[in-house]
Colleague: 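One structure, as structure tokens, below. Some questions next.
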Number of protein chains: 2
Amino acid sequence: MQLTPLAERFVLHFGEMGSRWGVNRTVGQIYALLFISPNPLNADEIGETLAFSRSNVSMGLKELQSWRLCKMTHQPGDRREYFEAPKDVWEIFRTLAEEKKKREIDPTLSMLRDAMLASPANADDKYAQERMQEMHELIELATGWFNDIHRLSPETLENLMRLGSKVQKVLGFADRLRGGDKPDKPDAA
Amino acid sequence: MQLTPLAERFVLHFGEMGSRWGVNRTVGQIYALLFISPNPLNADEIGETLAFSRSNVSMGLKELQSWRLCKMTHQPGDRREYFEAPKDVWEIFRTLAEEKKKREIDPTLSMLRDAMLASPANADDKYAQERMQEMHELIELATGWFNDIHRLSPETLENLMRLGSKVQKVLGFADRLRGGDKPDKPDAA
DNA sequence: TACAATTTTCAGTAATTACTGAAAGTTCGG
DNA sequence: CCGAACTTTCAGTAATTACTGAAAATTGTA
């Protein structure tokens, strides 16, 4: 299977960006190919199209599956495994966020929790623990929030996003509804 | 400068996570050290503490500065450059998001814009372009939104985050406030 | 301006990560 | 349950990335 110039451009870009995104070239290119492919592809087709060895394709597909970025299917009367990328971009977005969090944030949260419990050896350790707590609180807040909103329907999420910074007004309003304690000053540049 | 076990744990963790975060071990460790350091450090202190060569420290600091994750200062009567990490975790959060976007998303946005303008060679290209457009729209929406809200004050942002999924209710309410007309007029930006 | 202190660059090397081909493992139709 | 079709594993190698030490460049000061 020969790529058109357009498809090739897309695929090569994903290959190059892969390393910045935390996957290798193979994984990036395979994902790109699956993303724009109208139908599922088997490993041989992928390998032939991208000029990768069969084993490399196998490993790449495994990694994509571990990211939940591709799923295996079967074609009637064909023993080979076929692969396709999820179609819904909102779903992809959520998956990516979840998997990134799992790999890039959760281990740190866990380390921070441990470290904050340790007894400080001196004043610098005390200070370090304060800093860690700040970091921990922010991450908890941000990821907890994400966890909340990523469960919202794509439509609700889209509305929220389209609202943009106007959310501030709505927020002040919500605040008043909650019993009108702090009037949540609308500041910021 | 000898690290306490607590500090060492923190520093080593950042070194290991570094590669997942897109920086090398040196950069991860230097940042961790600066983050928990009560005062600015010079390059020699950093190199001695972490057992890195002077040149490695120099390169690491340059990279951290390019991420805006550390800034240079001077001590009165000392020619050497001192470095410290920004203290405000909300500011760090925003910086990180901006810099990640610049490196990991913007190039793809640009590629997508180009590719969508190209004339499709066949039906598969047409399909590919549709998929690219979906991807492009989602990224634009998500990053545009981020761009909006990251300008909100930390307090407002914190309120939004604490609101969590309850935002849905507020959102429905906002919708009614706007007069119940079609919800998709560009309120943002 | 000259010089000592400091930082940066860079070529060489070490360490890590990516990729391949061959062999082993698995699966399913006959 | 045999054997062909297919997939995975893995040891070896290639490619990339990280790190070092020496030399060059820069900077502040006497």
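In what follows, chains are A, B, ... by sequence order, proteins preceding strands, each numbered from 1. Given the structure is predicted, the values throughout are model-derived calculations rather than measurements.
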Colleague: Using side-chain heavy atoms (C-beta onward) and a distance below 4.5 Å, is B/Phe83 in contact with B/Thr73?
Modeller: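 Heavy-atom side-chain distance check fails, nothing below 4.5 Å.
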Colleague: Where do B/Arg9 and B/Thr4 land on the side chain to side chain donor-acceptor pair (under 3.5 Å) test, with the steps shown first?
Modeller: CA-CA 9 Å; B/Arg9 181 138 54 113; B/Thr4 63; over 6 Å; no
Colleague: Is there a donor in the side chain of A/Gln133 and an acceptor in the side chain of A/Gln129, or the other way round, less than 3.5 Å apart?
Modeller: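 No.
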Colleague: Are any non-hydrogen side-chain atoms of B/Arg113 and B/Leu109 less than 4.5 angstrom apart?
Modeller: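 Yes, side chains in contact.
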Colleague: Report yes or no: does A/Ser37 contribute a side-chain atom to a donor-acceptor pair with the main-chain N or O of A/Leu34 at less than 3.5 Å?
Modeller: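 No, the answer is negative, given that no donor and acceptor are paired below the 3.5 Å cut-off.
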Colleague: Send over the distance from A/Leu61 CG to D/dT8 P, rounded to a whole Å.
Modeller: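 One finds 8 Å between P of D/dT8 and CG of A/Leu61, rounded.
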Colleague: Give a yes-or-no answer on whether the side chains of A/Ser58 and A/Ser55 include a donor-acceptor pair shorter than 3.5 Å.
Modeller: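 A/Ser58 vs A/Ser55: no donor-acceptor pair found between side chains.
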Colleague: Is the shortest side-chain heavy-atom distance between B/Pro38 and A/Asp124 below 4.5 Å?
Modeller: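 They are in contact (side-chain heavy atoms under 4.5 Å apart), so the answer is yes.
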Colleague: Could you tell me the separation between the CG atom of B/Leu41 and the P atom of C/dT7, rounded to a whole number of Å?
Modeller: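 Spelled out: CG on B/Leu41 to P on C/dT7 is 13 Å.
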Colleague: Which residues in residues 23-34 of chain A have a heavy atom closer than 4.0 Å to any atom of DNA chain C?
Modeller: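 Here the set is A/Asn24, A/Arg25, A/Thr26.
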Colleague: Do B/Lys100 and B/Ile105 have side chains that approach each other closer than 4.5 Å (heavy atoms only, starting at C-beta)?
Modeller: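 Heavy-atom side-chain distance check fails, nothing below 4.5 Å.
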Colleague: More 5' along DNA chain D: A/Asp78 or A/Ser19, using each one's nearest nucleotide?
Modeller: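 Going by which nucleotide is closer to the 5' end, it is A/Asp78.
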Colleague: Decide if the gap between the ring center of A/Trp67 and the ring center of A/Tyr31 is smaller than 6.0 angstrom.
Modeller: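 No - the distance between ring centres of A/Trp67 and A/Tyr31 does not fall below the 6.0 Å cut-off.
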Colleague: Let me know the distance between CD1 of A/Ile46 and P of D/dT8, rounded to the nearest Å.
Modeller: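 The distance from CD1 of A/Ile46 to P of D/dT8 comes to 11 Å, rounded to the nearest Å.
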Colleague: Can you check the A/Arg80 CZ to D/dT8 C1' distance for me, whole Å?
Modeller: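 So the CZ-C1' distance, A/Arg80 to D/dT8, works out to 17 Å.
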Colleague: CD of B/Glu45 versus C1' of C/dT6: gap in Å, rounded?
Modeller: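 In whole Å, C/dT6 C1' lies 14 Å from B/Glu45 CD.
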Colleague: For the helix from C/dT1-D/dA30 to C/dG30-D/dC1, what angle separates the axis at the start from the axis at the finish, each from five pairs, in steps of 10°?
Modeller: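 Between the first-five-pair axis and the last-five-pair axis there is 30°.
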Colleague: Students often mix this up, so state it plainly: with edges at 30° and 60°, are the rings of B/Phe10 and B/Phe14 parallel, tilted or perpendicular?
Modeller: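 Ring orientation, 0 to 90° scale: tilted.
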Colleague: Less than 4.5 Å apart, any side-chain heavy atom of B/Thr108 and any of B/Asp106?
Modeller: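 When only atoms from C-beta onward are counted, B/Asp106 and B/Thr108 do not touch, as no gap falls below 4.5 Å.
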Colleague: Rounded to the Å, how far apart are A/Leu64 CG and D/dT8 P?
Modeller: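 After rounding, the gap between these two atoms is 13 Å.
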Colleague: Please list all pairs passing the salt bridge (Lys or Arg N to Asp or Glu O under 4.0 Å) test where one or both residues lie in residues 15-32 of chain A, with sequence neighbours left out.
Modeller: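 For residues 15-32 of chain A, and leaving out neighbouring residues, there are no salt bridge (Lys or Arg N to Asp or Glu O under 4.0 Å) pairs at all.
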Colleague: Tabulate protein N/O versus nucleotide N/O from nucleotides 27-30 of chain D, keeping only pairs under 3.5 Å, one per line.
Modeller:
unit_1	atom_1	unit_2	atom_2	d
D/dT27	O2	B/Arg79	NH2	2.3

Colleague: In whole angstrom, give the distance that lies between atom OH of A/Tyr82 and atom C1' of D/dA5.
Modeller: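 Roughly 13 Å, once rounded to whole Å.
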Colleague: Do the side chains of A/Glu91 and A/Arg94 get close enough for a salt bridge, i.e. N-O under 4.0 angstrom?
Modeller: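 Salt bridge between A/Glu91 and A/Arg94, a charged N being under 4.0 Å from a carboxylate O: no.
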Colleague: Which pairs, protein N/O on one side and nucleotides 8-10 of chain C N/O on the other, fall under 3.5 Å?
Modeller:
unit_1	atom_1	unit_2	atom_2	d
C/dT8	OP2	B/Ser58	OG	2.9
C/dT9	OP2	B/Lys62	NZ	3.0

Colleague: Scan residues 48-61 of chain A for pairs that pass salt bridge (Lys or Arg N to Asp or Glu O under 4.0 Å), counting only residues two or more places apart or in two chains.
Modeller: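 Passing the test, one end in residues 48-61 of chain A: A/Asp44-A/Arg54.
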Colleague: Mind calculating the distance between CD (B/Glu63) and C1' (D/dC19) to the nearest angstrom?
Modeller: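 After rounding, the reported distance stands at 14 Å.
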